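In what follows, a structure is listed as structure tokens, so that the remarks can point back to it.
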Amino acid sequence: METRLLLLFLSVTVLLMDAANAQMPGFVSFDCGGSENFTDDLGLWWTSDDQLMYGEIATISVANETRKQYTTLRHFPADNRKYCYTLDVISRTRYLVRATFLYGNFDNNKVYPKFDISLGATPWSTIVISDANTIESSELIFLASDPTISVCLSNATTGQPFISTLELRQFNGSIYYTEYEEDFFLSVSARVNFGADSEAPVRYPDDPFDRIWESDSLKKANYLVDVAPGTEKVSTQMPIDVNKDSRPPEKVMQTAVVGRNGTLSYRLNLDGFPGFGWAFTYLAEIEDLGPEETRKFRLILPNMPDLSKPAVNIQENAQGKYRLYEPGYPNISLPFVLSFKFGKTSDSSQGPLLNAMEINKYLEKRDGCLDGSAIASIVLQYSSEDWAKEGGDPCLPVPWSWVACNSDPQPRIVSIHLSGKNLTGNIPTDLTKLSGLVELWLDGNALAGPIPDFTGLINLKTIHLENNQLSGELPSSLVDLQSLKELYVQNNMLSGKVPSGLLNENLDFNYSGNDNLHKGSTGGRHIGIIIGSSVGAVVLLIATIASCLFMHKGKKRYYEQDQLGHGLPAQRIVSSLNDAATEAANCFSLSEIEDATRKFEKKIGSGGFGVVYYGKMKDGKEIAVKVLINNSYQGNREFSNEVTLLSRIHHRNLVQFLGYCQEEGRSMLVYEFMHNGTLKEHLYGPLTRERAISWIKRLEIAEDAAKGIEYLHTGCVPSIIHRDLKSSNILLDKYMKAKVSDFGLSKLAVDGSSHVSSVVRGTVGYLDPEYYISQQLTDKSDVYSFGVILLELISGQEAISNESFGVNCRNIVQWAKLHIESGDIQGIIDPSLRDEYDIQSMWKIAEKALMCVQPHGSMRPPISEVIKEIQEAISIERGAEAAREGNSDASRNSIHSSINMGIDVGPTENYLSFDESIARPTPR
Ligand SMILES: *[C@@H]1O[C@H](CO)[C@@H](O)[C@H](O)[C@H]1NC(C)=O
Ligand SMILES: *[C@@H]1O[C@H](CO)[C@@H](O)[C@H](O)[C@H]1NC(C)=O
Ligand SMILES: *[C@@H]1O[C@H](CO)[C@@H](O)[C@H](O)[C@H]1NC(C)=O
Ligand SMILES: *[C@@H]1O[C@H](CO)[C@@H](O)[C@H](O)[C@H]1NC(C)=O
Ligand SMILES: *[C@@H]1O[C@H](CO)[C@@H](O)[C@H](O)[C@H]1NC(C)=O
Ligand SMILES: *[C@@H]1O[C@H](CO)[C@@H](O)[C@H](O)[C@H]1NC(C)=O
Ligand SMILES: *[C@@H]1O[C@H](CO)[C@@H](O)[C@H](O)[C@H]1NC(C)=O
């Protein structure tokens, strides 16, 4: 085992944990950020994590959460480091590890944290906080292969990584054995106690392993919904024989649900799926059936007819009443949205019964860094130093702060940066085993003894050993390092003769300040020159590294940002690349415009800002000319601000601004012409019935538009808030690619503050209620509007309608929310999509849309997160589409092409539509 030594070492030094104080053998419970040890109401012993040297402590207070461990947390800087807890375990033993996160607004940040956790080198989960007062929790079941494990937090997307509790529970016997356990962890997706008598979970002491059995009465959106009529809770006080391994605790088995009308059905979201998983049901006959009565039933999984064959008769299978029977699948492929049913067989008098269920996903273990054991023995020499205590894998998922690694699946260390760390003793010879090493920085320490033989480190380019107390000769093996470009050994106590092979112009070599080190007979004369030129070379080298970093970003990562000082923020660089076309706004003459539009002959849209005309330039380029109505721009100044802003914004998902014209008191903006009009026209209205856009196309349109919005929010400095997103502002080009238009309304967001106050503008139905009330505009107002657009894409309904949504409801948000939250997504899906969509991708979008229209901006996801979700939905849908195409004709293709030809040249109404119902209250 490569990493054994490392882990052994960590257990000796980091010693965060010793299980001696845990009340239950094999239990460890960390109260992160806590200041004292205590026993909780359940009888669990909690210890403070005060020996962790990283992070800061915060105290929080959340309504109705009185458990002491949830009054504190530990948070870490949002940097590119990882922060690890190291726990002792017994090798070859199975454990449950649980990390929980209660945000409690500890930092009052405007975005909720989202970050990664890992177990050793394996990415475990991304923790996404979506509510300040809800505890997020993540659990893994694993077979320990080493004497310690590390749970690490690292920066991911937003906010600061933090943790509330870390719990380790040791299992007994063969429970959770799987044939894949050497290579896979089990990530817990669902563990449900059916028929529970309250919403409280069952855990320790009822469960001796302190697993948390969720109550089935705790119905979250799309979690345990679609319950069949006739579902009843039953319970018993009789003891249940749960056999030696204590599968579910007795208390869980004493309650169940029964499908009185012959069926039990449920639907639930499975975190982490689709994928392969471990799924078991726990059944015990707890009703007293008459002698003539039978209970036989089958599992019915849609699309998996093979699994529906075996019938269950609990009493027979368990060989008695009140005894556990646990049918299940040790490896089954499951979707993200799992709908399952139990149906009674025709010869059964009683409906099905279900006591509990557990579903875990297989999570593949990742191999750690190949240099694990060599680096472990190096840190072992310096075990009391902070840098030696970082924990976890040296390279994965992110490297230690003083190490850089290559991006191989099993990485190697490519650089070591330990300058000025007070290192003493000899240079660790284990360094010579790091066969991928490119850079070695050990300068400015108190290292003594000889320079070791680096033969074999064929990639070694840079060696910095200056300013130490090294002695002995310069090894002649240095001459054989073919890649060596830089060798600094000045200011040591080296002696003897400089190997002549080192004195060549290709090597940046500095050996001054070693009184007894000489270059043959005439040593010393060139030193000044060498130093001088080497300084120049360093500057050059740094410049080279810097430019390479940006060129190869993502490919190689051995030059980490830290070593570069702080270069340009990456985002700026990206945006300036995108802005390659940036130039001063193009000024058209009125006569040019008149020629192009044939004196404003063809009107293609109108709105609150003016009328839009079709035009064609001399070179054949088609344009849309927006003639602003006179009073919308009082002065030239405002107009030129607007134009300057517009000319700076370039993105493939934004309608291209071509220039402006201001003559004879008229102001005009010129845009590229979008052949397929607005998204709105394609979703509803007269054109749509016979040629509705397919679900996959809708998803692609959503992705395009979201990318345009993301660019406004994050790609521009300062960022831009659109303020009037709606389906009539999303335009479609010849190829049905979507672009966002009308960001003329946008005002620059004030740099560095979270919102700008301004007159509320926008369109009823899309308007962020928080913005409306507070008049505080943030990028989350756009996210709200985009959520409404997603709902339109799902349903094909207008945002506001007097008829469509039933009595007392005019608004798509209210209506959709009602349906989605009760699990009835079918009730809102556009009927013109027929059955040509995948329900999972639909759910993904529906749920994200609801997140986007949360009442408070802080609860809405950033647009980048929405994009990710859309992309996942697209890949699910593509998979499903391929499957559907396998057994149907290619009818969808013809739908696509009919759209492309259909509206090509005709005048598109509403090019720039502006709903009459515009909300424009004045500020106080
Ligand atoms: C809590 O217990 C651990 C050992 O389990 C001990 O090392 C630590 O000092 C204790 N902390 C406090 C604050 O008492
Ligand atoms: C907290 O508990 C009180 C009383 O038990 C209850 O009225 C209130 O709704 C609870 N608040 C929350 C946020 O759950
Ligand atoms: C944290 O991660 C995000 C997303 O990867 C990145 O944009 C940000 O720069 C990181 N923060 C630091 C300090 O590295
Ligand atoms: C684990 O197994 C031992 C011996 O088989 C038993 O004494 C102990 O109670 C078990 N622990 C739990 C939590 O079941
Ligand atoms: C169960 O089925 C019967 C007969 O089919 C029906 O009358 C009854 O309403 C059903 N019960 C429920 C709760 O749906
Ligand atoms: C589960 O089954 C699939 C397909 O039969 C197989 O590819 C996979 O390796 C198995 N194990 C896991 C842990 O996924
Ligand atoms: C090195 O040691 C000196 C003296 O012990 C101490 O003052 C200094 O802070 C140390 N430097 C580092 C980087 O640890």
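Along the sequence shown, residues are numbered consecutively beginning with 1. Keep in mind the model is a prediction, meaning the values are calculated, not measured. Just the heavy atoms: all of them, side chains too, but no hydrogens, waters or symmetry mates, feed the values below. Counting starts at 1 for both ligands and their atoms, following the listed order.
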Counting only non-hydrogen atoms of the protein, does one fall under 4.0 Å from atom 2 (O) of ligand 6?
-> yes

Are the ring centres of Tyr204 and Phe27 closer than 6.0 Å?
->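 Between Tyr204 and Phe27, the centre distance is under 6.0 Å.
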
Between Ser189 and Asp271, is there a donor-acceptor pair closer than 3.5 Å when you use the side chain of the first and the backbone of the second?
->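 Yes: the side chain of Ser189 pairs with the backbone of Asp271.
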
Is it true that Glu872 and Lys844 make a salt bridge, defined as a side-chain N closer than 4.0 Å to a carboxylate O?
->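 Counted as a salt bridge, because a side-chain N and a carboxylate O are separated by less than 4.0 Å.
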
Would Arg191 and Glu214 pass as an ion pair if we require N to O under 4.0 Å?
->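 No salt bridge links Arg191 with Glu214.
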
Which of the ligand 6 atoms, numbered from 1, are nearer than 4.0 Å to a heavy atom of Tyr180 |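 The atoms of ligand 6 under 4.0 Å from a heavy atom of Tyr180 are 1 (C), 10 (C), 11 (N), 13 (C).
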
May I ask you to check if ligand 1 and Asn37 share an N or O to N or O distance below 3.5 Å?
->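 Yes; the residue has a nitrogen or oxygen that sits under 3.5 Å from a nitrogen or oxygen of the ligand.
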
Minimum-distance protein heavy atom relative to [atom]:
{"atom": "atom 13 (C) of ligand 6", "value": "Tyr362 CG, 3.5 Å"}
{"atom": "atom 14 (O) of ligand 6", "value": "Phe276 CB, 3.4 Å"}
{"atom": "atom 12 (C) of ligand 6", "value": "Asn331 ND2, 3.7 Å"}

Under 2.5 Å between the SG atoms of Cys84 and Cys152: is that the case?
->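 Taking the criterion (SG atoms under 2.5 Å apart), Cys152 and Cys84 satisfy it, so yes.
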
Hey, what do you get for Cys395 versus Cys405: SG atoms under 2.5 Å apart or not?
->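 Bridged: Cys395 to Cys405.
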
Which of the atoms in ligand 1, numbered in the order shown and given with their element, are less than 4.0 Å from a heavy-atom of Ser35?
-> 13 (C)

Which of the numbered atoms in ligand 1 are below 4.0 angstrom from a heavy atom of Gln51?
->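 Numbered from 1, ligand 1 contributes 7 (O).
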
